[in-house]
Each structure stands twice: as structure tokens, then as C-alpha cells.
Amino acid sequence: MLNINDLHVRVDDKDIINGLTLNIGAGEVHAIMGPNGSGKSTLSYTLAGRPGYEVTAGSVTYQDADLLDLMPEERVAKGMFLALQYPVEIPGVTTMMFLRTALNAQRGARGEEELNAADFLRLVRTKAKELDISEDMLKRPLNVGFSGGEKKRAEVLQMSLFEPKMAILDETDSGLDIDALKVVAQGVNRLRAADRSFLIITHYQRLLDHIVPDFVHILAGGRIIKSGGKELALELEAKGYDAFVKDAA
Amino acid sequence: MSPKELNRAPEQSWLDAFDAAANDLPGEWLADTRRDAINVFREKGLPQRRLEDWKYTDLRRVLGSDLPLAVIAKGEGADPLAAIKGPRIHLTNGFFESADAMPKGVEVVSLSQALVGQVDWVRKALGSAPRPEGHPMLALNTALMRDGAAIRIVKGTALAEPIVIVHEGQAGRQLVRNLIVMEEGAEATIIEAHSGSTDAQQVQQTSEILVGDNAKLTHIRLQDAGASSVHLATDLVGIGRDALYDGFIVTTGGELARQESHIEFQGEGAEARISGTYLLSSKQHADVTTRINHAVPRCTSREVFKGVITDEARGVFQGKIVVAKDAQKTDGHQLNKTLLLSPKAEIDTKPELEIYADDVKCSHGATTGQINEDHLFYLRARGIDEATARGLLIHSFISEVMAEVKDDAIRAALEAHVTAWLASHAGIREVAA
Ligand SMILES: Nc1ncnc2c1ncn2[C@@H]1O[C@H](COP(=O)(O)OP(=O)(O)OP(=O)(O)O)[C@@H](O)[C@H]1O
Ligand SMILES: [Mg+2]
């Protein structure tokens, strides 16, 4: 599904990702854990195509295409989705209008028919209910005045509407209360499928109790220093990052 | 030719125009007023950029050129806000051309006829709106005013439909004076739509607006004058006790435009709203200057102007709120935000509070910026292409201020104008809601 090979990324003249290799197969769930500032969000922005994230070496192949050649919106149309660590607030654009514009843009780019207003409304209502998101929130400007947890849930709502093939969740669990964490995890698990992959960035082993990963990677200093199965997260919880960073050095 | 003539001051053509026209200007009883006014203009001259109020807008450069006074002409049927229903008043080249039948409780007359004839309410109201002292352009307008629309909404009358003044400019110097008299408890919406040919013209319009006690006036202006126009609109507004003046101005026209609103509270408990948007492209220059004078206690003012500027255009916003010593419990709020779409686009913004009372609530703010790159990326990361995403963000920026227009039909008509402007000047496709 996604093959990242010896990736180097520079932001504002600063090298942040330094030779990162990661292969994600169809249907797999990978978790990335790593200390603050290790480059997790930088990796996710690079994969989403954010301007200013300069790839200085390496390659990324996504579904047999050169991902780095594609515009952000083209990546999305091909099924890539990034739930942001810090979703932005956009006053003046209502959540509902945004969701419909986005969904129909993606469908249009794939040559699929656009959803009419009634079908769209039905779809959003169903998905919103699954995630405990109120109608009132959907009427408000995009993310404006949403609490931290509401913003994260809104990101998951988008994911469940767009049904991506490769979903990257950047600390979607941060800021969620215990109940919301379960709701969000259920949202992810509901989407798990043989042709859909996940890359889950998190600081907390707790999330991985709910979304059980196939692989866990430790990212430090812009590269993956250790990979393993789900038990690696437990080991990390017990020992802390330092032990692994020292081992790798 | 004497050296003096060779080196004529830019004021001279105006003084000459006055001398030539003085005997034909309507209203003999006004002759002294006109003469006093032209003397004020002679003394002050066209505004200098050295003057604080005129720092950013240079009239001497554009108004010095010789251009004959406009002549009476027939309109070509312009009506940029045709979608809005309501009786029309047509002013062509600054002259009152025609008016539809008006509902009961409304009187409409051509100013020139009223000045020549005996229309008592016009005589009484003319010159009575609060005004800044020694304002050279106001003086020039008083000296040379030739025609315009005088509208009276009789005490207690509430209008169901707006009255629309359609201003069509064709050529020349157009010196217009309008009068809007809202008697006690009257309620009306008056819309002005300015458009015109691309021929050179200089429009100088002054409107005296008297909002009586308990009256409510919604005053909308669309200024879409021709591309070679200098367009100066000065509104002098006096607001009575518990009354409301609700103004909204859309500026897209003219080579150089200045909208001045001088608003003064004359009775307690009143409210003024003055908002709008300026959308500027190519080398346009547009100036919005407002003065809200809280002269009495317990009044509320709210002001929101948002603009989008592209190419090499330049915007100016000067907003001043003055709160007099006795004007306790004043509530004044002012905001100016501008989106610059090109590196050469420019805005000079100067919000000012001058407060002499101690028990007041006043705020002001101004921001200027480009499209937010984080917002743009977020929309693209959801599959929305860049052009559409920009359009969405610009629309959302403007829609916030359009919400100040309370009437749905009027807002829709103005939004259609804004959308068309964005499509043709900023390459923004219409965004499906
Ligand atoms: N625009 C930028 N200019 C310079 N440095 C940057 C920029 N963006 C990120 N960095 C730096 O890159 C490093 C990695 O940042 P990144 O946001 O990827 O970390 P992270 O692993 O997601 O951290 P966290 O766990 O706190 O979210 C940090 O040291 C950060 O300060
Ligand atoms: Mg991060």
C-alpha cells in the first residue's frame, strides 16, 4: 500500500526526517510512537503533501504511484487521509458545507457521481451519530469553538465519511476523555478492512488496547530506531524512550 | 498668457466653473450660502495630503484636471440591483430624471425643483445635518450642488419595500446633494446603486440624512462607478433619540473613490451601524473614512469593514469614534479586516478612538493579511483543489461582513455582486453552498 524508502525531509532549512524507511501493506495497522519533536507530525505532513516540507532524498510509493509527485488534493482523491494533530479552525465555512464540498470534490476527482443534498445529509447524520457528534456541531463554522476532544472526533467523522484507503492519525487520541477514546477507537475499528491501512501516531499505549496494531515502530531523531509487534508498545511503556534511543546509538 | 495662468492651481477649474455657473444654479435664496461656501473652498483648496484626514488619498492629483460640469442626459436603464424589488428614483449624470409612484407617507422631489419652488421641508432640512467644519469638499458641494433626490418619510410611516435610487453616471462633473428625512418613528430602507460608463467623470455626492426620534433607516449603497470615475460620497447623518441608522456600503467601482460617513448621535439610546466591504483590483484606490460622534449618552455604534484587494490596488480605512465627555454608557465597536491577494496590493488602516467619558465600552481592531496557508492546506488535505479552496476562504472572509445585512433579499443581491466580482477579478469560481 505505502512504501517509504530512506526518506529525508527538510523544513525551514532544518533536517527533520533522516533516512526513514517504512512499508505498510494492505489491511495492516501500524503504530508510530516517539518522543516529542522526533518528527512524527513532520512525517505525516510530508505524506499529506503540505507545502514547505521539502523531500531532499528518498522515495514514497503509494498504490504503485509516486506519492511525492501528487498534489495534496490528488493524494486525497486516491484515498489518502490525514487526521491532523491540531485541526484548524476556519470561521465562515460551516462544517456541513465543508464536508459536502470535500466529499464531492473527492468523488468528482475519482469520476464518481456527486452526492445530492438529501443523500449527503442522511450519510452525515448516520456517521455523526456513531461518533456522538451533535447536529449543532455540524451547523457551526468548521472546528470553531470546538473543544479539543470535539475537534478530534470531527476528524474521525471526516475519515468515516471519506472512507480512505490509507489513513494517518496524528495523535487523534490526545485530548480525548476515556469514553471519547472508546468511541474514536470503535470508529477506526469499524473501518478496518483488508484493503484499508492505518498509520497511527500516538504517545499512549492505552489507545493500542482498543486499536490493536500489527506493528509498532519507535521514531527518534527522524528515523525508525526499532520495530516490533504490539508488545513493543508495552515494553516502551515500561522502559521509556531513553533506553531505546541509547540502544540505537 | 501670464505665468500665473500657465501654472494654474488645481483648484482653479472649480473656481472658474463656479463663476460660470453661479447665475444658473438652482435656488436664488441659496446664493449667499453658495458664495460663502466657495470662499471656504477658495481658502482651503483641494485637500492636501499634509492634512491628517487626507494623508492617504490625493484628490489634488485627480480633481485638478479640467472636466466640464455634467449635462442633463437620458439614462440607459442601468439598474445593478434589479433583483431588489421596490420603487426607483433615477438620477442620471447627477440630475433627477424620474421617480416611480411612491407609497403613502413618502414624498420624493428633485432637489433642484425643490430649491426653485417652495418645498418647506426641503428648505428646513437642507444644511441641517451635522457636519465637520471647514471641509473643503463639502464646501465645494454646497457651492455647486445642482440636483439630487430629496426623500421624506412622513412621521410613523413604515415602508414594506425599499426605495432604490439608481445613479447612472455618463460623463463630467456631477455635483449631487441628496436629502433623506426620516420623521419621528418612520421606518424605511433606502438603497443607492451607483454605476456608469467608462468615460471620465467626477462624482461628488453629499447626502444629508436626518433620522428622527424612534425612526429606523437602513441605508445600503453599492458603489460600482465606471473605471475612470472619481467617486466621492459623503454621508452626513444625524440620529435622534432611540433611533437606528443601519448603513452598509459595497465598494467595487471607480478609479479613485472615497466614502465618508459622518455620524452623530443627537438623542440618547440610539444605535448606529455602519459596515461594508471594498473589493479592489487593477490600480483602483478606495478610501473608507468614518467618524462616529457619540455626543450624547447611552448610544451604541457598531462598525465592521472587510476588504479584498488584488493587483496593485490600494485601500484606505480611517475609522474614528469620538466619545464626548458627557456621553456615558457609550458602547462602540469597530473592526477592519483586509485580505491582500497580491504582493502589490496595499491597505492603510487607521482605527482611532477618542474618548473623553469614563464609563464607556469601546473596542477597535484591524488586521491585514494574506490567505491563511494553514487553512488552505487543511482544505486541500480534504480533497478540495487549490482554486476552490481559495474561493471558499475568500467567500468565508466576506460572508462574515455580509451577515451585517439583515434583509435576505438585499443580502442575496449584494452577494451576487460580490461573487461576480470575485469570479472576474480574483479568478474565483462560484462555490456551491
Ligand atoms: N516549520 C518548522 N521550522 C523549523 N523547525 C520545525 C518546523 N516544524 C517542525 N520543526 C521541528 O521539527 C521537529 C519535529 O517536529 P514534529 O512536529 O514533527 O514532532 P513530533 O514528533 O510530531 O512531536 P510531538 O510529539 O510533540 O507532536 C521539532 O524539533 C520541531 O521543532
Ligand atoms: Mg506531532
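The sequence lines fix the lettering, A, B, ..., with proteins before strands; numbering per chain opens at 1. Since we're looking at a predicted model, the values are computed, not measured.
With contacts defined as side-chain heavy-atom distances shorter than 4.5 Å, the pair B/Leu340/B/Thr338 qualifies.
The contact between B/Glu386 and chain A is made by backbone and side chain atoms together, counting heavy-atom distances below 4.5 Å. A/Ala48 touches chain B through backbone and side chain together, each having a heavy atom under 4.5 Å away. Both the backbone and the side chain of A/Pro87 come within less than 4.5 Å of a heavy atom in chain B. For a residue to count as touching a neighbouring chain, one of its non-hydrogen atoms must lie under 4.5 Å from one of that chain's; by this rule A/Glu74 does not touch chain B. Heavy atoms closer than 4.5 Å to chain B are found in both the backbone and the side chain of A/Pro91. There is no contact between A/Leu103 and chain B, counting heavy-atom distances below 4.5 Å. In this structure, chain B has no heavy atom under 4.5 Å from any part of A/Glu114. Proximity to chain A (any heavy atom under 4.5 Å) is restricted, for B/Leu393, to the side chain, taken from C-beta onward.
The shortest non-hydrogen separation linking B/Cys362 to B/Ile355 is CB-CD1, 3.8 Å.
Side-chain polar atoms of B/His417 and B/Glu415 form no donor-acceptor pair below 3.5 angstrom.
Partner of B/Gln334 under the side chain to side chain donor-acceptor pair (under 3.5 Å) criterion, out of B/Arg302, B/Glu303, B/Lys320, B/Glu352: B/Glu303 alone.
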